[in-house]
Amino acid sequence: MARSVESIRRAVLGTLGAALVVLGVALLVLPGPGLLLVFAGTVLLARAVPALDRFVAPVRGQAMRAAEESVSSPWRIAGSVLAGLVLIGAGFAWGLLPQVPFSGWGTGASLIISGVILFALLVWSHRRVHAAHTSD
């Protein structure tokens, strides 16, 4: 029974991790937190398959550098806030305007969620960098 539960847990972690890695890779070229999702997926995959643990540290380092760079200047913060507002506005436009290609609330909701995730990660990055600078 314990082996069955463990194998189910590993299968769920592996599936979720793989999905996050695929979504993160797509978001490396699309608007969204691609590198952080790749990192999260890699962590889950490493929990499911311990041999993959060696990939966690390099991905974590790059994800944290990207998070720090995103709040390194007021211009970058302003650009990120503008991108988040555009995503949320586009989400409402896609949800409300039937003449827009691929219109509907499925597309609109994904854009709105991407904007909200961008804001959450921006706040997290800012707090992380600010805490690191105050502890120095």
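Everything numeric here is computed off the predicted structure, so don't read it as measured data.
Annotation: the span from Leu45 atom CG to Thr15 atom OG1 amounts to 9.0 Å, rounded to 0.5 Å. Note that CZ of Phe92 and CG of Leu97 are 12.0 Å apart. Values are rounded to the nearest 0.5 Å. Here the CG-CG distance, from Leu44 to Leu52, works out to 11.5 Å after rounding to the nearest 0.5 Å. Here the straight-line distance linking atom CH2 of Trp105 with atom OG1 of Thr107 works out to 11.0 Å at 0.5 Å rounding. Put simply, CZ on Phe119 and CD1 on Ile88 are 4.5 Å apart, with the number rounded to the nearest 0.5 Å.
If you chain together hydrophobic residues whose side chains sit under 4.5 Å apart, Val49 and Val59 fall into the same group. Under the 4.5 Å side-chain heavy-atom criterion for ILVMFWY residues, no single connected hydrophobic cluster contains both Val81 and Val123. Hydrophobic cluster membership is shared by Ile112 and Leu96, with clusters built from Ile, Leu, Val, Met, Phe, Trp and Tyr side chains linked at under 4.5 angstrom. With hydrophobic clusters built from ILVMFWY side chains whose heavy atoms lie under 4.5 angstrom apart, Val116 shares a cluster with Leu85. Note on Leu121: it clusters hydrophobically with Ile113, by side-chain heavy-atom contacts below 4.5 Å among ILVMFWY residues.
Taking every heavy atom of both residues into account, Ala48 and Gly14 meet most closely at CB-N, 3.5 Å. Across all their heavy atoms, Arg47 and Arg9 have their closest contact at O-NH2, 4.1 Å. The two atoms that bring Pro98 and Ser103 nearest to each other are O-OG, 3.2 Å, heavy atoms only. The two residues Val43 and Val56 have their closest heavy-atom pair at CG2-CG1, 3.9 Å.
Counting only distance, with no hydrogens or angles, the side chain of Trp94 and the backbone of Ala109 share no donor-acceptor pair below 3.5 Å.
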message: Apply side-chain contact (heavy atoms from CB on, under 4.5 Å) to residues Val21 and Thr42 and explain how you reach the verdict.
response: CA-CA 7 Å; Val21 167; Thr42 305; 4.2 Å; yes

